[in-house]
Amino acid sequence: MNTKRLTEQDIDEAAAILREGGLVGIPTETVYGLGANGLNEEAVAHIFEAKGRPQDNPLILHIPSADHLERYCKEIPLTAYQLAEAYWPGPLTMILKRKPIVPDVVTAGLDTVGMRCPSHPVCHAILEAADVPVAAPSGNTSGRPSPTTAAHMWEDMDGKIDAIVDGGPCSVGVESTIIDLTETPARLLRPGGITLEQLEAVLGEVAVDPAVTRLMGAGEKPKAPGMKYRHYAPKAPVTVVTGDPKKSAEYIAAHAAPGDGIICFDEFAPLFGSHYVEQLGPAGDKGEQARHIFDALRFFDHTPVTSIWAQCPDASGIGLAISNRLNKAAGFHIIEV
Ligand code: TXA
Ligand code: MG
């Protein structure tokens with residue numbers, strides 16, 4: 001298949017491909033998504049094929065506004081509208097009870113569905129023009145880091161999908177926060193662009209799913225099926241070092257072998273002259289770190305490194321999402337200094 005290169009000038013063409021059952025790489029503020037008409041079972045099945053995604057991992061639906069929730073969801077709690085009022089359009093996905101109109105292939109047979117209303121203007125325009133809910137997982141091959149530029153999407157999807165729309169680099173850089181509103185208290189299933197503190201400001205108490213902060217045991221089932229898979233992983237094994245930034249940098253400098261890969265805060269790059277280095281951003285700027293995390297993880301696949309060491313921010317704010325992605329990339333191989 002010849003994958004078309006589209007831009008923000010080609011909204012109508014992207015929307016037409018989606019409506020007609022094709023697959024389109026679409027920019028969002030979090031990561032690029034691999035979109036298909038969420039009401040077309042065959043199109044949705046092609047998403048799973050293109051990504052090599054396990055069939056038991058459900059997809060989320062993208063809509064242009066909260067007004068569309070009732071088309072696909074039932075028993076919608078007031079909290080959904082309160083969250084939408086505060087954080088939509090934006091990097092937040094809500095798990096709600098689904099209506100029968102949502103095909104089983106989207107939800108992997110669950111009686112719930114993830115709903116998201118993205119803020120990226122190009123994505124929003126495509127959703128409006130397509131006039132169908134767009135099922136879209138992150139646009140990476142299953143298991144790889146999520147794509148945060150159109151170039152990343154080309155790397156994984158060239159020749160496998162109909163088109164990719166280049167909407168520039170993603171401004172958040174990690175996937176949306178997933179909050180399950182079918183439980184009381186609401187449960188955070190995946191940390192992302194909307195922070196736990198922001199959720200608590202609207203909801204009060206929020207439960208944090210154990211899969212956010214630790215490896216699931218063999219018999220355990222996380223509530224977001226996707227959280228059980230090894231994910232975001234570069235080909236070389238990753239060791240995460242947490243704690244005071246200066247101490248973690250010194251620990252890595254003392255333990256890394258020459259030629260190892262290093263993910264570090266900008267201030268500490270001079271310590272790693274004989275290594276492959278990816279700078280995450282300043283130690284004090286988590287927004288910048290979130291924008292770079294997936295690009296940093298992808299970078300090492302183009303190098304001969306056999307081992308990667310990563311500094312990691314603390315868990316406040318969007319630090320929870322960054323540390324979750326790093327810890328998952330490391331299979332929760334974490335050293336505290
Ligand atoms: O930012 C994002 O959310 C991006 C962009 C493209 O919108 N999308 C994304 O989709 O990250 P995906 O498929 O890569 O991750 C969705 C996660 C998976 O872990 C999946 O298991 C979980 O959401 N999920 C989907 N539907 C669910 C449901 N009904 N209940 C629990 N978890 C669900
Ligand atoms: Mg994904």
Side-chain angles (χ1 to χ4, degrees), residues 23-36 38 44 47-48 50-63 72-73 87-98 102-120 122-124 126-127 133-148 152-153 156-157 164-165 167 170-183 186-194 209 211-212 216 221-233 290 294 321 324-325 328-329:
L23 297 190
V24 182
I26 49 174
T28 85
E29 71 279 19
T30 58
V31 302
Y32 275 71
L34 177 51
V44 172
I47 292 181
F48 286 87
K51 277 182 67 90
R53 182 173 173 110
Q55 296 286 342
D56 67 348
N57 194 1
L59 305 179
I60 60 182
L61 289 182
H62 297 68
I63 52 175
Y72 313 111
C73 304
Y87 304 125
W88 275 7
L92 177 67
T93 297
M94 303 184 215
I95 305 294
L96 296 163
K97 290 262 175 68
R98 69 149 159 165
V102 180
D104 277 342
V105 60
V106 170
T107 66
L110 298 177
D111 60 359
T112 56
V113 61
M115 300 299 301
R116 164 152 145 73
C117 174
S119 65
H120 193 296
V122 174
C123 183
H124 184 82
I126 293 171
L127 292 175
V134 172
S138 50
N140 51 287
T141 299
S142 245
R144 291 207 75 203
S146 296
T148 50
H152 292 162
M153 264 219 84
D156 285 15
M157 291 298 153
I164 296 170
V165 183
C170 301
S171 61
V172 177
V174 291
E175 302 90 337
S176 62
T177 301
I178 302 181
I179 184 86
D180 185 348
L181 296 179
T182 67
E183 280 189 42
R187 179 179 288 260
L188 176 70
L189 303 187
R190 179 176 72 182
I194 297 297
D209 201 73
V212 170
M216 291 286 89
K221 263 196 177 172
K223 198 127 190 246
M227 294 292 274
K228 73 172 172 275
Y229 295 106
R230 182 160 186 256
H231 211 170
Y232 314 125
F294 285 135
N324 169 263
R325 304 311 189 269
K328 284 182 66 103

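Indexing begins at 1, ligand by ligand and atom by atom, following the structure's order.
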Taking NZ, NE, NH1 and NH2 as the nitrogens, is one of them in Asp156 or Arg144 under 4.0 Å from a carboxylate oxygen of the other?
yes
Checking His62 side chain against Cys117 main chain: does a donor-acceptor pair fall under 3.5 Å?
no
Give me the number of protein N, O or S atoms whose distance to the Mg ion (ligand 2) is under 2.8 Å.
1
Are any of the side-chain nitrogens in Lys223 or Asp180 under 4.0 Å away from the carboxylate oxygens of its partner?
yes
Those residues that, when tested against Asn324, pass side-chain hydrogen bond (donor to acceptor under 3.5 Å, both in side chains) (two or more places apart):
none
In Å, rounded to the nearest 0.5 Å, how long is the span from OG of Ser138 to OH of Tyr32?
14.0 Å
Within the protein, residues bringing a heavy atom under 4.0 Å of ligand 1, chain by chain
Thr30, Val31, Gly33, Arg53, Asn57, Pro58, Leu59, Ile60, His62, Ile95, Leu110, Thr112, Val113, Arg116, Ala136, Pro137, Ser138, Glu175, Ser176, Ile178, Leu189, Arg190, Lys223, Ala224, Pro225, Gly226
Give me each pair satisfying salt bridge (charged side-chain N to carboxylate O under 4.0 Å, His left out) with a member in residues 23-35, each pair once, sequence neighbours excluded.
Glu29-Arg116
Please determine whether a side-chain nitrogen of the Lys or Arg among Arg98 and Asp104 lies less than 4.0 Å from a carboxylate oxygen of the Asp or Glu.
yes
For Arg325 and Ser146, does a side-chain donor sit closer than 3.5 Å to a side-chain acceptor?
no
Tell me if a side-chain donor or acceptor on Arg190 pairs with a main-chain N or O of Ser176 at a distance below 3.5 Å.
yes
